[in-house]
Asker: 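Here it is: the structure, laid out below.
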Amino acid sequence: MRNLTIRRTKKFAACLVTMKVYIEDPLYGDTVINNIPCTKLGELKNGETKTFQIREQNAKVFVIADKLSKNYCNDYYQLPDGEQDIFLTGKNEFNPATGNAFRFDNNFSAEVMANRKKGSFKGLAVLLGAIAIGFLIGGFIVINSIFGFISKAPEAKSFSADGMSITLTDNFTEESYSGYTVCYDSKDVAIFVLKEEFTLAEGFEDYTLEQYGNLVIEGNGLTDSQLQTSGGLTYFEYDYEDTANSDTYHYITYLYKADDAFWMIQFATSESDFTDYADQITGWAASASFTA
């Protein structure tokens, strides 16, 4: 046997999610990841380092968020044969299309990069699946209107989760998505909500909203984004290019400081739809309120 040590670098991306570590095990594996039978080694919290005992044979070691998203929110490292102990590092990277997946450092083989690209495509499909269904429903409404039917205008609807309340419309439904406190989905707009409690780090409650926002931008490598303030709201924007489908998505993330936590509420649309929804998104963001 030999030791495998993995250090998960502390980052805000998926900081509330405990990652699971699996290793390739063709004989006794009880969990299949990317068509490979695997056995669970243990778990990794944000900023944690753990050592696992493994066999000397070559094997893939996977890090996933949960079994539901294991086939797209994953990364693996190919371990070589040998008796020598192995030390690996990695971190979760901010990317809603992959569920803020964990990525091993200095791990850029052609096979790994192909797996990451495939995972991003699958994750984006999951993320936008409900939106695609919404487009179909929208098309059906248009057809009905052509034949004289009148569609119902959306009405304001309040949603609440873990001390956060926000007013959207009844076009939205509440969804679960790995790495977020709660999510809301509609035909054209997806919303990702994340609560970052002050207990995550000593002195966290002393951060200003500006300090927190700049930390989020820097920690997630959003070098082209700048923190902005307008109408009493603090936010930043960025674009995500889905090269597999030649699409671009626009994200605008609003930041809030409550009595017990920082909050991020992120609105995502296709780049072509953002202008149409910009004013509504601002209104929805302004409606958010928080209780401890």
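Both backbone and side-chain heavy atoms feed into the values below; hydrogens, waters and symmetry mates do not. It should be emphasised that the depicted structure is a prediction, and the values quoted were computed from it without experimental measurement.
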Asker: Could you tell me whether a side-chain N or O of Glu43 sits under 3.5 Å from a main-chain N or O of Met19, the two making a donor and an acceptor?
Answerer: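 Judged by distance alone, no pair lies under 3.5 Å.
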
Asker: Examine the side chains of Asp239 and Thr248 and answer whether a donor and an acceptor come within less than 3.5 Å of each other.
Answerer: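 No pair is found: no donor N or O on one side chain lies under 3.5 Å from an acceptor on the other.
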
Asker: Counting N and O atoms only, with roles assigned by atom type, does the side chain of Asp105 sit under 3.5 Å from a partner on the main chain of Lys91, one being a donor and the other an acceptor?
Answerer: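 Side chain of Asp105 to backbone of Lys91, a donor-acceptor pair under 3.5 Å: no, none is there.
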
Asker: For the side chain of Thr181 and the backbone of Lys195, is there at least one donor-acceptor N/O pair under 3.5 Å apart?
Answerer: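 Yes; judged by distance alone, with no hydrogens or angles, the pair exists.
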
Asker: Are there more than 12 heavy atoms of other residues, nucleotides or ligands under 6.0 Å from atom CD of Glu218?
Answerer: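 For Glu218, atom CD is not crowded (no more than 12 foreign heavy atoms under 6.0 Å).
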
Asker: Please report the closest heavy-atom contact between Thr39 and Gly29, naming both atoms and the distance.
Answerer: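 Distance-wise, the nearest heavy atoms are OG1-CA, 3.5 Å.
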
Asker: Can you check whether Leu255 reaches Thr253 side chain to side chain, under 4.5 Å on heavy atoms?
Answerer: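 With C-beta onward as the side chain, the pair touches.
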
Asker: Between Gln211 (side chain only) and Thr208 (backbone N and O only), is there a donor and an acceptor less than 3.5 Å apart?
Answerer: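 Side chain of Gln211 to backbone of Thr208, a donor-acceptor pair under 3.5 Å: yes, one is there.
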
Asker: According to the interplanar angle, ranging from 0 to 90°, do the rings of Tyr180 and Phe192 count as parallel (below 30°), tilted (30 to 60°) or perpendicular (above 60°)?
Answerer: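 Answer is tilted, since the angle falls between 30° and 60°.
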
Asker: Over all heavy atoms of both residues, which pair between Gly42 and Phe52 is shortest? Give the atoms and the distance, please.
Answerer: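 Where Gly42 meets Phe52 most closely, the heavy atoms are CA-CE2, 3.8 Å.
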
Asker: Can you give me the closest heavy-atom contact between Ile23 and Ala59, atom names plus distance?
Answerer: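 What the structure gives for the nearest pair is CG1-CB, 4.0 Å.
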
Asker: Counting distance only, does the side-chain N/O of Lys70 pair as donor-acceptor with the main-chain N or O of Val32 below 3.5 Å?
Answerer: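 Answer holds: yes.
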
Asker: Answer whether the closest heavy-atom distance between the side chains of Asn34 and Phe62 falls below 4.5 Å.
Answerer: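 Yes, their side chains come closer than 4.5 Å.
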
Asker: Consider only side-chain heavy atoms of I, L, V, M, F, W and Y, link residues closer than 4.5 Å, and tell whether Val21 and Ile64 are in one cluster.
Answerer: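 As far as the 4.5 Å side-chain criterion goes, Ile64 and Val21 are not connected within one cluster.
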
Asker: Report, as yes or no, whether the 6.0 Å neighbourhood of atom CG on Asp279 holds more than 12 heavy atoms from other residues, nucleotides or ligands.
Answerer: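 For Asp279, atom CG is not crowded (no more than 12 foreign heavy atoms under 6.0 Å).
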
Asker: Consider only side-chain heavy atoms of I, L, V, M, F, W and Y, link residues closer than 4.5 Å, and tell whether Val61 and Ile33 are in one cluster.
Answerer: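 Val61 and Ile33: separate clusters.
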
Asker: What I'd like to find out is whether the side chain of Ile6 reaches to under 4.5 Å of the side chain of Tyr77, using heavy atoms alone.
Answerer: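 In short, these two side chains do not touch, never coming nearer than 4.5 Å.
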
Asker: Between Phe290 and Lys257, does a side-chain contact (heavy atoms from CB on, under 4.5 Å) hold up when you go through it step by step?
Answerer: CA-CA 9 Å; Phe290 309 91; Lys257 185 176 183 180; over 6 Å; no

Asker: Donor-acceptor pair, distance only, cut-off 3.5 Å: does the side chain of Tyr207 make one with the backbone of Phe198?
Answerer: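 It does not hold such a pair.
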
Asker: Provide the closest heavy-atom pair for Ala261 versus Glu197 in the form atom of the first, atom of the second, distance.
Answerer: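 Scanning both residues completely, I find the closest heavy atoms to be CB-CA, 3.6 Å.
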
Asker: Mind telling me whether Tyr184 and Phe159 have parallel, tilted or perpendicular rings, with 30° and 60° as the class edges?
Answerer: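 Taking Tyr184 first and then Phe159, their aromatic rings sit tilted (interplane angle of 30° to 60°).
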
Asker: Assess whether atom CD of Gln226 is packed by more than 12 heavy atoms of other residues, nucleotides or ligands within 6.0 Å.
Answerer: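 No, because the 6.0 Å sphere around CD of Gln226 holds 12 heavy atoms or fewer from other groups.
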
Asker: In this structure, are over 12 heavy atoms from other groups packed under 6.0 Å from Tyr28 atom OH?
Answerer: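 No, because the 6.0 Å sphere around OH of Tyr28 holds 12 heavy atoms or fewer from other groups.
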
Asker: Same hydrophobic cluster for Leu88 and Tyr22, using side-chain heavy-atom links shorter than 4.5 Å among ILVMFWY?
Answerer: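 Shared cluster, no.
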
Asker: Mind telling me whether Tyr240 and Tyr251 have parallel, tilted or perpendicular rings, with 30° and 60° as the class edges?
Answerer: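 Rings of Tyr251 and Tyr240: perpendicular, over 60°.
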
Asker: If we ignore hydrogens and angles and just use 3.5 Å, is the side chain of Arg2 paired with the main-chain N or O of Arg55 as donor and acceptor?
Answerer: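 Yes.
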
Asker: Measure from the side-chain N and O atoms of Lys20 to the backbone N and O of Thr18, and report whether any donor-acceptor pair falls under 3.5 Å.
Answerer: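 Yes: the side chain of Lys20 pairs with the backbone of Thr18.
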
Asker: For the pair Asp185 (side chain) and Thr173 (backbone), establish whether a donor and an acceptor sit closer than 3.5 Å, ignoring hydrogens and angles.
Answerer: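 Judged by distance alone, no pair lies under 3.5 Å.
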
Asker: Please round to the nearest 0.5 Å and tell me the distance separating atom OG1 of Thr282 and atom CG of Leu233.
Answerer: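 Interatomic distance, Thr282 OG1 to Leu233 CG, rounded to 0.5 Å: 7.5 Å.
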
Asker: Within the distance-only criterion (no hydrogens, no angle test), does the side chain of Asn100 pair as donor or acceptor with the backbone N or O of Asn92 below 3.5 angstrom?
Answerer: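 Not at all, since once roles are kept as given, no pair shorter than 3.5 Å links the two residues.
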
Asker: Is it the case that the side chains of Gln266 and Tyr238 hold a donor-acceptor pair, with the cut-off being a distance below 3.5 Å and no angle test?
Answerer: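 The criterion, which ignores hydrogens and geometry beyond distance, is satisfied for Gln266 and Tyr238.
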
Asker: What closest approach, in Å, do Ser287 and Thr167 show between heavy atoms, and which atom pair accounts for it?
Answerer: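 Shortest heavy-atom separation between Ser287 and Thr167 comes out as OG-N, 3.0 Å.
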
Asker: If only side-chain N and O atoms count, and only distance matters, is there a donor-acceptor pair under 3.5 Å linking Asn115 with Asn74?
Answerer: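 Checked: Asn74/Asn115 side chains pair up, N/O donor to acceptor below 3.5 Å.
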
Asker: Nearest heavy-atom pair of Asp170 and Pro154: which atoms, and what distance?
Answerer: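 Closest pair (atom of Asp170, atom of Pro154, distance): OD1-CA, 3.4 Å.
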
Asker: Tell me if the CG atom of Asp81 is crowded by more than 12 foreign heavy atoms within 6.0 Å.
Answerer: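 Yes, CG of Asp81 has more than 12 neighbouring heavy atoms, counting only those of other groups under 6.0 Å.
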
Asker: Is it the case that over 12 heavy atoms from other parts of the model lie below 6.0 angstrom from the CG atom of Asp30?
Answerer: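 Yes, because the 6.0 Å sphere around CG of Asp30 holds more than 12 heavy atoms from other groups.
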
Asker: Lys157 versus Phe172: any side-chain heavy-atom pair under 4.5 Å?
Answerer: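 The answer is no; the side chains never approach within 4.5 Å.
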
